[in-house]
Structure formats: C-alpha cells, structure tokens
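Here the structure comes first, spelled out in structure tokens, and everything after it is commentary.
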Amino acid sequence: MTTAATLAPPARPAERLRTSTPWWMALLAGGAAFSGTGSATLNGDELATISAASRSLAGMWELAQHIDGHFLPYYAFMHFWAKAGTAELWLRLPSALAIGVAAWLLTDLGRRLHSTRAGVIAAAIFAILPSVSYFGAFARPYAFAAAAVAFSFWALHRVIERPDGRRWVGYGVAVALVCSTHLFAVLVLPAHLALARRAVLVRMMAALAAGCVPAAVLGLIGYGERHAISWIPQRGPEVWLKFPKMAAGTTALGVLLFAMALAGAALLWTARRGARGAGSPAAGPLEARLREADPHATGRSAAEPRVADRAWVFALTGWLVLPPLLLLAVSHLVTPVYVDRYLFVTTPALSLLAGLAVAAISRFHLVAGVAVVVLGCVLSFPDHLDVREENGRFENIPWALRVIKAEPDDAIVYGQSQLRTGFEYYADSLMPVDVLKSGDVPSPDGFGYPEGSDVPAALEGRERVWVVWRGSKKSGLEGDGIPRVGEVERAGFELSLAKHSADLPGLTVALFTRR
C-alpha cells in the first residue's frame with residue numbers, strides 16, 4: 001500500500017543540513033559547558049540553590065517572602081530536579097542543557113537572518129567563550145535566562161515571518177520565560193520594539209503584556225527585598241569598559257568580538273541597503289519574509305545568504321547594549337543592582353552579531369570563520385583553565401577543609417553562618433565541633449543557620465578554635481568586618497595561623513589558640 005511517507009519527496013541535501021546543523025551546534029556548546037561541571041567546586045550562590053531547593057514548596061515560598069523571591073521559579077524547578085540527587089554534575093547539568101538550547105536557537109536565528117553559515121559561526125563562537133563555560137557549569141539561572149532571551153528573539157522572528165495565532169502564543173510564552181528565569185533579563189525586551197510594525201503592533205503589545213506578568217510579580221517581590229542586595233555598591237559608567245570582558249569571559253577576545261559585533265551590525269545594515277539599491281526583489285519586509293519562508297520559490301538556493309530587515313540591526317544591537325545601559329540606570333534611579341553576571345543574557349547577541357560579520361564576507365568566509373574560532377580558543381585558553389580549576393568559583397571549600405587539621409575537642413566558628421552549608425556538603429572526615437550551631441536546618445527566612453550568641457560560653461574548655469570566613473585575611477583580622485573573629489579574641493584566644501585561598505573574595509581559614 002502506498003503511504004503518504006512513500007509519496008513524500010526525499011529531503012534535499014540543503015534541507016537536511018538546515019535541520020541537522022542546529023543540533024550539532026547545540027551538542028558542541030552544551031558539551032563545552034558541561035566539560036567544566038565537575039572541576040570547580042560549588043560556591044556560595046550554588047550552595048544557596050541547594051539550600052532553597054532542599055526545602056518543601058511551602059518552605060521555598062516562605063523563603064521567597066524574605067530573600068531571593070525573584071529566583072522562585074528557578075528554585076521550584078531545582079526542587080524537583082534535586083530529588084534525584086545533589087551531586088555537582090547533576091546540579092549543574094540543567095545549565096549546560098540551557099547552553100545547548102541557546103546554541104540551537106542561535107544557529108537557526110543566524111540562518112533566518114542571513115545564512116546557515118552565519119548561524120554556525122555564531123554558535124561556534126558562543127561555544128568557545130569562557131563565560132559560557134562558566135555559567136553553563138553554574139547551578140544558578142543565568143544560563144536559563146540567556147536561553148530564554150535567545151528563544152524570545154527566535155520566536156519573534158517566526159511570528160513576524162508568519163503572524164498566526166499559535167506563533168503569537170509561542171512568542172508570549174517566550175517572553176514569560178524571559179521574565180521567569182531572571183528578573184533583569186527583561187532589560188532585553190525593549191529591543192523587541194524595534195521590530196514593531198503597524199500590522200502587528202496590537203498583537204505584539206498584547207503578547208508582551210501577557211508575557212511580562214511574571215516580571216511584574218517578581219519585580220514587586222524583589223523591590224520589597226532590596227535589603228538582600230545591600231551589598232551591591234553603586235557603579236558609574238566606567239563599568240561599561242569591562243562589559244566586553246564580562247560578556248565573553250576574557251578581555252582580549254571580548255574586545256575583538258565586540259568590535260566584530262559592531263561591524264556585523266553595520267554589514268547587516270549596508271547589505272540591506274545594497275539589496276534595495278541593486279533592484280533586488282527585496283522591496284520590503286513582507287517580501288523578505290516570503291523569500292525566507294520559501295527560498296526555492298524565487299529560484300534561490302537555501303544556502304545563499306538572506307538579507308534581514310534593517311529593523312533587526314536595531315533589535316540585535318539593542319539586545320547587546322541595552323541591558324548594561326538600563327541596569328546602570330536602574331542602579332541610579334532605584335537601588336544599586338549592577339552586577340556583571342546579570343548581563344550574561346547579552347552574550348548570545350555578541351556571538352550572533354560577530355557571526356554575522358564573518359558570514360558577510362563575500363569570499364573566504366569559511367576560512368575566516370575557522371580563523372576566528374581558532375584565534376578565540378587561543379586567546380581564551382588561560383581563562384578556560386581558570387574556570388575549570390578547583391577554585392574556579394572563588395570559594396574553594398575543599399581547600400579550606402584540607403587546611404583544617406582538626407584535633408580532638410577543636411571547635412569551629414563560621415564568620416558567615418551560611419558557610420556551614422558548604423562545609424557540611426563537602427566534609428568527608430572528622431570536623432571540629434560546631435559549637436554555635438543550634439539547629440539542623442537553615443533559617444526559614446534565609447540561608448544562615450540558628451546560632452547561639454554567647455561565644456565565650458560556647459568555647460569554654462576549648463583550647464583551639466578554627467574560624468572560617470568569606471573574604472580576605474585583612475577583612476577579618478582588621479577592624480570589625482567579621483564580628484565573630486572579635487568575639488573569639490575577646491573569649492581569650494589569639495591568632496596562631498591564617499591562610500587565604502588564591503583569589504578574592506575567597507575563603508580565609510584561621511586557627512586561634514587559648515592565651
């Protein structure tokens with residue numbers, strides 16, 4: 001019997017390449033990110049993820065009313081994920097998968113905007129960045145936010161290409177994911193407005209409004225918890241000089257890619273002008289979308305470059321530059337919130353624009369693409385080693401445990417109560433007695449533990465006490481930066497030993513002995 005499958009024409013080689021390439025690039029980027037998951041030890045933020053995800057749903061809701069309320073969707077996801085275990089590899093796997101999703105979307109979005117080669121080069125650049133390896137091996141929602149933002153631009157391209165009801169729903173869902181993954185990921189959404197047209201304006205604004213409901217809810221929660229980010233200092237415009245390094249994870253490659261990204265935007269703009277000036281059938285956005293939807297209808301191979309609407313130049317450039325500009329504006333108008341890691345959502349845009357720049361080279365684009373990727377690997381190699389070191393997250397608790405040579409009846413005091421989570425997670429041998437701990441579960445309104453306040457009484461009869469704090473030796477031994485240190489000294493102890501891990505803020509381990 002003849003079936004529909006046997007009647008269907010075989011897929012053309014170009015079509016097979018178009019459908020399989022994004023998956024290969026997703027595997028490459030996800031694999032590169034996952035390669036660093038078992039090297040660097042968990043830091044305080046990741047241990048906070050464990051603390052939150054290990055609570056009941058009611059406990060997470062109570063926590064969200066005091067701190068990290070804008071992370072509630074991520075914590076809820078990790079609550080169910082962590083039921084299968086809390087090993088480093090398992091906790092970080094979702095972030096690596098999110099990086100793979102972002103690479104898939106970049107590959108296909110690059111194809112839609114220009115050509116398959118543009119998408120491949122963009123995803124390859126994305127995969128080799130140290131920032132991608134860092135956040136792809138980080139049990140926090142930043143990789144999720146980057147993937148959600150890439151999804152929102154991809155969904156927006158599809159719905160402008162063919163504005164039917166299901167695609168508008170998909171776009172609204174993508175916007176909601178952006179708002180749910182990280183509060184400040186919403187700073188990319190104004191860039192979407194560059195693509196607003198009279199024909200789609202009403203539906204676009206409706207989808208944006210519906211998708212931004214989570215942002216409104218989480219924003220109100222976050223505003224009520226401003227005390228939780230009081231540690232963030234006020235920043236000035238000078239932070240923008242560090243932006244290329246933040247986005248790429250390395251200085252030299254970041255500056256190079258940022259220059260390429262600006263060139264990519266310019267080339268995309270001039271290519272569109274050239275297409276119009278040469279009498280191309282690209283008479284407007286509608287015709288361009290029709291050719292993208294069915295390139296064979298115009299006699300053009302699917303492998304030939306497409307030329308994006310000029311509005312996409314503004315959209316992609318806004319994706320790259322608006323978040324740091326708007327984040328600094330929020331810092332000065334509302335409360336200091338400028339933290340580099342909040343801007344990882346711009347990294348896919350940096351890669352995509354750089355990929356478009358290379359793909360726009362009329363000749364030798366393959367050689368140029370390989371050269372950029374190889375040069376990027378060379379320039380970023382030291383940074384890749386850094387993020388894969390044991391101290392790659394700058395809080396090396398296993399190192400601290402190796403420094404502590406506990407004797408019977410030794411005590412331990414934590415400069416910050418929440419450090420206890422990490423030491424209990426990594427401890428594999430006899431630890432000093434935790435003399436201040438008064439409860440086995442974290443506080444319902446934070447990540448610290450209930451502790452006794454009478455340090456002299458807790459240390460009575462002890463001859464040695466280990467004190468551990470987050471920060472440098474100077475921060476704890478000079479002034480009142482770490483109150484617990486002063487309390488130990490007033491209890492009759494003096495410093496005998498102090499060691500600090502390699503990078504700031506790092507950890508300090510100090511041994512105090514009875515005078």
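Treat the numbers as computed from the prediction; the structure is a model and nothing was measured.
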Could you tell me whether W240 atom CH2 has more than 12 heavy atoms of other residues or ligands within 6.0 Å of it? yes
On a heavy-atom basis, the closest approach of L353 and A265 is CD2-N, 4.0 Å
Any donor-acceptor N or O pair under 3.5 Å, side chains E88, Y426: yes
Under the salt bridge (charged side-chain N to carboxylate O under 4.0 Å, His left out) criterion, do K245 and D340 qualify, and how do the steps go? CA-CA 10 Å; K245 177 185 178 181; D340 286 345; over 6 Å; no
Can you find a side-chain donor-acceptor pair between R140 and T49 that sits under 3.5 Å? yes
Looking only at heavy atoms, which two atoms of I125 and A354 are closest? And how far apart? CD1-CB, 4.0 Å
Check this for me, if you would: do D164 and R162 make a salt bridge, where the nitrogen-to-carboxylate-oxygen distance has to be below 4.0 angstrom? yes
Any chance you could lay out the salt bridge (charged side-chain N to carboxylate O under 4.0 Å, His left out) test for R55 and D68, step after step, and finish with the verdict? CA-CA 14 Å; R55 307 177 192 215; D68 278 3; over 6 Å; no
Work out which heavy atom in F344 is nearest to a heavy atom in A143; give both atom names and the distance. CE2-CA, 4.1 Å
Is a donor on one side and an acceptor on the other found under 3.5 Å between the side chain of E46 and the backbone of N43? yes
Does any N or O in the side chain of E390 come within less than 3.5 Å of the main-chain N or O of T41, such that one atom is a donor and the other an acceptor? no
Is W154 close to H157 at the side-chain level, that is, under 4.5 Å between some pair of heavy atoms? no
What do the steps show when you test H384 against Y134 for ring pair (Phe, Tyr, Trp, His ring centres under 6.0 Å), and what is the final call? CA-CA 8 Å; H384 275 288; Y134 184 96; over 10 Å; no
Tell me whether the count of non-hydrogen atoms from other residues, nucleotides or ligands lying under 6.0 Å of CH2 in W24 goes above 12. no
Between S351 (side chain only) and T347 (backbone N and O only), is there a donor and an acceptor less than 3.5 Å apart? yes
Working for salt bridge (charged side-chain N to carboxylate O under 4.0 Å, His left out), residues R470 and E395: CA-CA 8 Å; R470 182 184 292 114; E395 286 185 28; 2.8 Å; yes
Should we say atom CZ of R363 is surrounded by more than 12 heavy atoms from elsewhere, each under 6.0 Å from it? no
Can you find a heavy atom in the side chain of L113 that is under 4.5 Å from one in the side chain of L316? yes
Side-chain donor or acceptor of S131 paired with backbone N/O of A247 under 3.5 Å: yes
Looking only at side-chain N and O atoms, does S35 offer a donor or acceptor that is under 3.5 Å from a partner on R388? yes
I want to check something: taking the side chain as every heavy atom from C-beta on, are V468 and F423 in contact at a cut-off of under 4.5 Å? yes
Heavy atoms, side chains only, cut-off 4.5 Å: are Y414 and W469 in contact? no
Under a plain distance cut-off of 3.5 Å, with no hydrogens placed, do H79 and Y74 share a side-chain donor-acceptor pair? no
Given ring pair (Phe, Tyr, Trp, His ring centres under 6.0 Å), test Y75 with W81 step by step and report yes or no. CA-CA 10 Å; Y75 286 158; W81 184 268; over 10 Å; no
Side-chain contact, heavy-atom cut-off 4.5 Å: L343 with Y338? yes
Provide the closest heavy-atom pair for S380 versus I128 in the form atom of the first, atom of the second, distance. OG-O, 3.7 Å
Check whether any side-chain N or O of R158 sits under 3.5 Å from a backbone N or O of W168 as a donor-acceptor pair, and report yes or no. no
Using modelled atom types only, decide if a donor and an acceptor are shared between the side chain of T86 and the backbone of A82 within a distance under 3.5 Å. no
Strictly distance-based, threshold 3.5 Å: is any side-chain N or O of R167 a donor or acceptor partner for the main-chain N or O of V159? no
Hey, does M25 have a side-chain heavy atom less than 4.5 Å from the side chain of W104? no
Between A228 and I67, what is the shortest heavy-atom contact and its length? CB-CG1, 3.7 Å
Nearest heavy-atom approach of S115 to A359 is OG-CB, 4.2 Å
Report yes if some heavy atom in the side chain of F447 is under 4.5 Å from a heavy atom in the side chain of P442; otherwise report no. no
With side chains defined as the heavy atoms from C-beta onward, is the minimum distance between I99 and F135 less than 4.5 Å? no
Check: F144 ring centroid to H182 ring centroid under 6.0 Å: no
